[in-house]
Each structure stands twice: as structure tokens, then as C-alpha cells.
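Following: one structure in C-alpha cells, then a few remarks.
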Amino acid sequence: MKILVVDDEETILNAVQFSLERAGYQVITASDSEPALALWESENPDILLLDVMLPTRSGFELCEQIRLTSNVPIIMLTAKGTESDRVTGLTLGADDYITKPFGTRELLARIQSVMRRSGKQPVNAQDILRAGELSVDPQRHEVTMAGKKLELTPREFELLKFLMENPGLVFDRQTLLDRVWGAESYVDERTVDVHIRWLREKIELDPPKPQYLLTVRGIGYKFRG
């Protein structure tokens with residue numbers, strides 16, 4: 001999933017880019033409205049994060065122009081949290097509004113929320129996830145391979161489900177700990193390696209040569225998309 005982040009504060013722009021890339025998103029950035037429009041037209045991002053206060057034209061104006069031709073999800077970023085600003089952004093077509101300073105967990109939650117509402121979320125919580133002969137049923141908390149039920153621990157299940165919900169995206173170990181174990185969990189990163197190994201032993205026909213759970217050298221893991 002590709003995200004365009006537009007903010008004229010370099011510190012915020014870099015911090016948001018780092019956090020989103022760590023969470024597995026592809027990120028492109030701009031520090032003003034005109035470069036942002038050029039990237040919007042050439043890169044076709046899946047979601048936009050727009051700062052309200054930009055050097056030339058405001059994020060509100062940029063949002064209004066984009067809304068003339070696209071329903072891409074837009075989240076406004078601003079240092080102001082007044083009701084009038086929120087109403088302005090939402091009236092012009094923004095999908096959500098987040099006030100600076102904000103934390104990574106809040107930003108990721110809002111991105112997931114607007115993508116889910118827009119219908120662009122790859123899956124919803126009730127869908128059965130399938131890849132080849134492997135299937136995961138989130139409602140029943142069941143995993144089957146070629147119709148045979150597999151016994152997974154709760155953490156193995158959540159790790160597999162998360163990776164299958166984001167096929168093709170690469171996640172480093174710390175991001176997987178944050179998203180599966182919880183950001184407040186004090187667990188060594190090697191725990192992820194151990195759980196990946198256990199999962200491979202259960203779902204892969206040949207665990208040393210995995211078909212589903214792939215290692216991306218120097219980064220982390222991904223589910224084959």
C-alpha cells in the first residue's frame with residue numbers, strides 16, 4: 001500500500017515516513033502542494049496524509065482539488081484542533097483528522113480505519129484468508145491446510161493472520177512485535193524468529209524452503225503475495 005505524506009516540517013515528515021515504512025507501507029513525501037500534486041498524478045497513492053498549513057496552498061485547498069477527480073482516502077494533519085478546522089476539512093472531503101503531536105499507534109489505527117471504511121482494506125475481520133491450500137478463518141479461529149485442521153497457539157495464529165492480511169508487505173521484527181504482541185510488550189525480537197520457525201513447521205511442506213512465510217534478508221518477513 002502506497003501513502004503520500006505532505007508536510008512542510010522536515011522533522012515530522014521524516015518521523016512519519018520512518019514509522020510508516022517500519023509498519024510495511026510504501027511512502028512518498030512532499031513538502032508543498034505543487035510537488036504533492038505532481039506525485040499524486042504520477043504515483044497514484046492509496047491514501048494521502050495532508051498537512052493543513054503548507055507554504056503555497058493549504059492542505060484544505062489541495063484536498064478540495066483532489067476531491068474533484070478522486071475518492072482516495074485523505075487524512076488531514078494539523079497543529080490546530082479546533083472544531084471549525086475539523087469541520088472545514090471534513091466538509092471539503094477529508095476522511096479523518098489528526099492533531100499534532102500524535103503517536104505512531106494512533107496514526108496507524110486511523111489509516112487502517114479510513115482504508116477499511118473506503119473498502120480498500122485487503123480483508124475485513126470476518127473474511128476467510130486463503131493462499132493455495134492454506135486458509136485462516138478469523139471468526140472460528142481455525143487454520144486448515146488442504147482441509148486438515150492445524151493446531152496453532154494463539155500467538156502463532158495472530159502472527160499468521162496479520163501476515164496473510166498484508167500479503168507481499170515486508171515487516172521487520174520490531175513492527176511484528178508491535179502489531180502482534182503489542183507495542184507495550186517487552187519481548188525480545190528473536191521471539192519473532194522462533195514463532196516464524198514454528199509456523200513454518202506447521203504450514204510449510206518443506207520448512208527449510210518455505211512457500212508462504214518468506215525471509216527478506218536484512219529486513220524481516222513477509223507472506224508471499
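Since we're looking at a predicted model, the values are computed, not measured.
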So [Y] and [X], do their side chains get closer than 4.5 Å, heavy atoms only?
X      : Y      : value
Val6   : Leu77  : no
Lys222 : Leu213 : no
Ile47  : Ile75  : yes
Leu159 : Leu199 : yes
Leu49  : Leu4   : no
Asp206 : Lys209 : yes
Ser135 : Ile128 : yes

Mind listing the closest non-hydrogen atom pair of [X] and [Y] along with its distance?
X      : Y      : value
Ala94  : Met76  : CB-CG, 3.5 Å
Ser31  : Pro55  : O-CD, 3.7 Å
Val170 : Gly220 : CG1-N, 4.4 Å
Pro210 : Arg224 : O-NH2, 4.1 Å

Partner residues of Thr29 under the side-chain contact (heavy atoms from CB on, under 4.5 Å) criterion, sequence neighbours left out: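 With neighbours one apart ignored, the set is Val5, Leu13, Gln17, Val27.
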
Under the side-chain contact (heavy atoms from CB on, under 4.5 Å) rule, collect the residues that match up with Ile12, sequence neighbours excluded.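 Only Asp7, Glu9, Val16, Lys100 meet the side-chain contact (heavy atoms from CB on, under 4.5 Å) criterion with Ile12.
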
Quick one: does [X]'s side chain have a donor or acceptor within less than 3.5 Å of a partner on [Y]'s backbone?
X      : Y      : answer
Lys161 : Val136 : no
Glu61  : Ser58  : yes
Ser19  : Ala15  : yes
Asn166 : Leu169 : no
Ser70  : Val72  : yes
Thr175 : Phe171 : no
Asp51  : Leu54  : no
Arg155 : Val180 : yes
Lys2   : Tyr25  : no
Glu142 : Lys149 : no

State the [atom1]-[atom2] distance between [X] and [Y], to the nearest 0.5 angstrom.
X      : Y      : atom1 : atom2 : answer
Ile3   : Leu48  : CD1   : CG    : 9.5 Å
Arg179 : Gln174 : CZ    : CD    : 12.5 Å
Glu156 : Ile196 : CD    : CD1   : 10.0 Å
Trp40  : Ile28  : CH2   : CD1   : 10.0 Å
Ile66  : Glu41  : CD1   : CD    : 9.0 Å
Leu160 : Ile203 : CG    : CD1   : 5.0 Å

Could you go through the side chain to side chain contact (heavy atoms under 4.5 Å, CB included) check for Lys202 and Leu152 one step at a time? CA-CA 8 Å; Lys202 295 179 178 181; Leu152 270 60; 4.0 Å; yes

Excluding sequence neighbours, so at least two apart, what forms salt bridge (charged side-chain N to carboxylate O under 4.0 Å, His left out) with Glu64?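 Testing Glu64 for salt bridge (charged side-chain N to carboxylate O under 4.0 Å, His left out), a comparison that skips the adjacent residues, returns none.
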
Can you name the residues that form a salt bridge (charged side-chain N to carboxylate O under 4.0 Å, His left out) with Lys148, not counting sequence neighbours?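 Per chain and number, Lys148 pairs via salt bridge (charged side-chain N to carboxylate O under 4.0 Å, His left out) with no residue.
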
Would [X] end up clustered with [Y] when hydrophobic side chains under 4.5 Å apart are linked, directly or stepwise?
X      : Y      : result
Leu39  : Ile74  : yes
Met53  : Phe60  : yes
Phe157 : Met145 : yes
Met115 : Phe102 : yes

Test side chain to side chain contact (heavy atoms under 4.5 Å, CB included) applied to Asp137 and His141, step by step: CA-CA 6 Å; Asp137 187 332; His141 214 269; over 6 Å; no

With a cut-off of 6.0 Å (strictly less than), are more than 12 heavy atoms of other residues, nucleotides or ligands near CD of Glu201?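 Yes, because the 6.0 Å sphere around CD of Glu201 holds more than 12 heavy atoms from other groups.
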
Just to verify, what does Phe18 make a ring pair (Phe, Tyr, Trp, His ring centres under 6.0 Å) with, not counting sequence neighbours?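 Scan of Phe18 (ring pair (Phe, Tyr, Trp, His ring centres under 6.0 Å), adjacent residues dropped) gives none.
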
Would [X] and [Y] pass as an ion pair if we require N to O under 4.0 Å?
X      : Y     : result
Arg57  : Glu34 : yes
Arg110 : Asp96 : yes
Asp95  : Arg67 : yes

Pairs in or reaching into residues 195-222: which pass ring-ring contact (aromatic ring centres under 6.0 Å, His included), with residues at least two apart or in two chains?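 ring-ring contact (aromatic ring centres under 6.0 Å, His included) check on residues 195-222 returns Trp181-His195, His195-Trp198, Tyr212-Phe223.
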
Donor-acceptor pair between Thr191 and Asp188 side chains, under 3.5 angstrom: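 Short answer, no.
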
Any side-chain donor-acceptor pair under 3.5 Å between Thr56 and Asp32?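 Looking only at side-chain atoms, Asp32 and Thr56 do form a donor-acceptor pair, the distance falling under 3.5 Å.
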
Run the numbers on Arg200 and Thr215 for side-chain hydrogen bond (donor to acceptor under 3.5 Å, both in side chains), then give the verdict. CA-CA 11 Å; Arg200 283 173 174 165; Thr215 299; 2.8 Å; yes

Starting from the C-alpha separation in whole Å, work towards a yes-or-no answer on side chain to side chain contact (heavy atoms under 4.5 Å, CB included) for Leu176 and Glu189. CA-CA 9 Å; Leu176 290 172; Glu189 289 187 1; over 6 Å; no

